[in-house]
Participant: 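Supplied in structure tokens, the structure appears directly below.
Just follow the structure's listing: the first ligand is 1, and inside any ligand the first atom is 1. Count residues from 1 along the sequence.
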Amino acid sequence: MAFDILLNSSLTILGVGLIIKMIQWLSYKTGIRAENESMLQRLAAALKGVLSTVFSLRFFNLPQTFVLDILFLRRTFKQDLLRWIMHMLIFWGFILLFFMHALESIVSDNLFSYYYSTINPFMFLRDLFGAMVLVGLLIAVFRRFFMKIQRMTSNAQDIYAILIVGIIIVSGFGLEGTKIISYNEFLNMEDEFAALDYEEDIFALESYWVKNYGLASPNNISNVSEEVLALGEEIHNDTCIDCHTKPTAAFGGYAVSRAFKPFAGILEFIGAVNIFYWIHILACFIGLAILPFTKMFHIVTTPLSLFTSAVMKRENASPLNIATRQAIELDACVHCTTCSSNCSVAPAFDILGNENIMPSERMMALRRFSTKQKISSQDFLAIQEGICLCSSCERCTVVCPAGINLKELWYDVREHFIRNGSIVTPLVLTPYSYNRAYSRDEFESPLQDSPAREAKSFIGRKYNKGKFVERDKPLPLIPDKDQPDKKDMGLTQDTFAYCFSCENCTNICPVVMNYEKPEEALDMLPHQIMRSLGLGLTDLVLGANMLWDCVTCYQCQENCPQNVKVTDIFFELKNQISKECFKNHENES
Ligand code: HEC
């Protein structure tokens with residue numbers, strides 16, 4: 001009765017939660033898309049998108065995604081074996097328990113006519129699945145709290161997820177263990193299935209169960225005779241054996257029962273079976289009821305995100321659907337922090353200490369932001385800094401096991417912030433954010449025409465105090481394909497194109513390290529010079545002190561993940577300047 005009321009209320013709360021979530025997905029506006037459209041328009045666009053997928057060839061991507069990415073976590077497997085093992089154990093253990101045990105009346109009873117949770121193989125399997133989850137959880141705790149994985153942080157949701165699953169499983173084992181020893185359980189069963197009239201028969205059965213089934217009895221059965229045991233076995237074979245395998249098969253519960261046996265009397269007195277039962281049931285129901293607002297909701301959203309990324313093509317998707325998808329993606333993030341350990345600007349976090357530089361943390365902040373929970377202005381600025389430092393190298397998107405298109409999310413949110421009056425240093429922006437950030441009011445030509453060029457001239461003017469001259473052709477220093485003779489230093493245009501401003505060169509530079517405010521002393525930092533050259537802003541870098549302060553230790557060059565020849569380029573720049581100086585000198589004299 002109480003069970004039914006609780007089950008129904010948690011299902012109702014779950015339903016309401018799901019509706020709230022869907023409303024949130026359809027009304028999310030943190031990005032730049034779908035700013036003026038109503039929820040109904042977005043719902044219509046979503047339905048249209050789903051229908052057009054169902055009737056397209058892309059639909060056939062789904063089975064592969066389902067099996068490889070969802071059931072077997074291919075992406076995680078490729079990245080981190082231990083994490084894959086952990087997740088496979090928890091996922092499969094829990095799913096199998098859910099269907100075999102939690103839904104036994106719907107699934108197991110119908111699939112197997114002989115199903116009883118107290119006979120093999122089900123008895124053994126239930127413990128096996130539970131043990132799988134438990135081992136998985138132990139690995140999770142070990143990874144999160146003892147392994148010191150780089151840039152891995154844990155928040156309340158991460159801890160909740162481990163706790164709720166842990167409580168369900170541990171209380172399950174506790175329940176099984178206390179039931180095995182419980183004398184009351186035995187008496188109830190005897191009453192129901194044997195209904196023995198004589199005390200001696202009950203005692204015989206009891207003795208048999210104490211000896212063979214782990215029961216704890218308040219009566220003294222140490223001296224029972226062989227005859228009594230034989231009588232017990234006979235009754236057992238008549239009335240109990242069809243539904244009961246020896247409890248040793250339930251290895252987890254049986255181990256618990258052995259540990260609890262000395263305290264059987266107290267446990268019976270306090271009603272331990274009931275206590276474990278209610279902890280178990282309440283944990284399940286609470287977990288279910290609040291599912292949409294917890295990390296565990298990823299069992300729905302992450303597959304959803306993987307499915308959408310398998311069928312949705314960015315180019316021809318409706319902006320409304322991209323907005324909706326981004327909202328789902330925020331919920332699909334499991335905070336595994338794979339993105340942060342691969343992020344090319346995350347080293348900046350070590351210096352600046354702003355968590356939002358790490359994509360995984362920014363994701364959490366954006367989630368709070370998108371659901372309009374209060375966000376302090378300080379947090380807002382921190383998110384801005386994080387989002388503007390992003391170099392759009394796309395590594396986060398490539399590695400995300402949940403298939404989230406993080407790069408696109410950063411673009412959109414960045415533009416959203418920029419529109420709301422951002423204060424950022426131009427050189428930390430990517431070419432995509434330049435035009436969105438600055439050219440909107442400055443330039444007349446349509447933004448999409450040549451964003452990089454417009455960005456260049458804007459930055460040129462900003463840094464050269466208005467003296468910037470835009471050239472039709474870049475200085476010969478940056479050789480282009482028309483000038484193959486300039487290849488002598490190996491400085492082809494590609495050299496800079498690979499730079500994505502990871503700042504490795506700057507971080508490792510002993511000259512930079514030497515100054516408290518290197519950007520003032522050196523004018524420009526190595527990565528800024530590379531970035532500017534990549535944009536064709538040669539004029540901008542020629543005057544930078546950095547070039548002349550360089551001690552040519554070659555550390556930058558050796559540590560560049562993209563093989564940019566930073567030090568060689570510095571040499572080339574200095575030669576170029578010297579040449580120009582000589583030329584001017586000769587002309588003058
Ligand atoms: C129709 C099948 C059936 C029969 C017959 C049956 N039991 Fe059970 N018994 C069960 C099930 C199912 C459970 C577990 C109930 C639950 O999960 O709450 C159980 C639980 C128990 C428990 C608690 C320990 C545990 O493993 O959960 C005891 C003790 C027990 N039975 C004793 C007996 C005895 C003694 C007899 C014979 C007189 C008997 N049962 C006959 C199905 C049966």
Participant: For a 4.5 angstrom cut-off between non-hydrogen side-chain atoms, does S171 reach W278?
Facilitator: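 Sidechains of W278 and S171: no contact.
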Participant: Would you please say whether a donor-acceptor pair under 3.5 Å links the side chains of T308 and R325?
Facilitator: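 No, because no side-chain N or O of T308 sits under 3.5 Å from a partner of the opposite role on R325.
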Participant: Is there any salt bridge (charged side-chain N to carboxylate O under 4.0 Å, His left out) pair reaching into residues 172-189, and which pairs are they, with sequence neighbours excluded?
Facilitator: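 Output for this query lists R126-E176.
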Participant: Which pair of non-hydrogen atoms, one from G253 and one from F173, has the smallest distance, and what is that distance?
Facilitator: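 What the structure gives for the nearest pair is N-CD2, 3.7 Å.
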Participant: Taking H335 as the fixed residue, which of K295, Q157, E361 is the one that meets the side-chain hydrogen bond (donor to acceptor under 3.5 Å, both in side chains) rule?
Facilitator: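 So the option named by the test is E361.
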Participant: Under 3.5 Å, is there a donor-acceptor pair linking the side chains of R42 and T324?
Facilitator: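 The criterion, which ignores hydrogens and geometry beyond distance, is satisfied for T324 and R42.
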Participant: List ligand 1's nitrogen or oxygen atoms that come under 3.5 Å of a protein nitrogen or oxygen, with the partner atom and distance.
Facilitator:
| from | atom 1 | to | atom 2 | distance (Å) |
| --- | --- | --- | --- | --- |
| ligand 1 | 7 (N) | H244 | NE2 | 2.9 |
| ligand 1 | 9 (N) | H244 | NE2 | 2.8 |
| ligand 1 | 17 (O) | K179 | NZ | 2.9 |
| ligand 1 | 18 (O) | K179 | NZ | 2.3 |
| ligand 1 | 31 (N) | H244 | NE2 | 2.8 |
| ligand 1 | 40 (N) | H244 | NE2 | 2.8 |

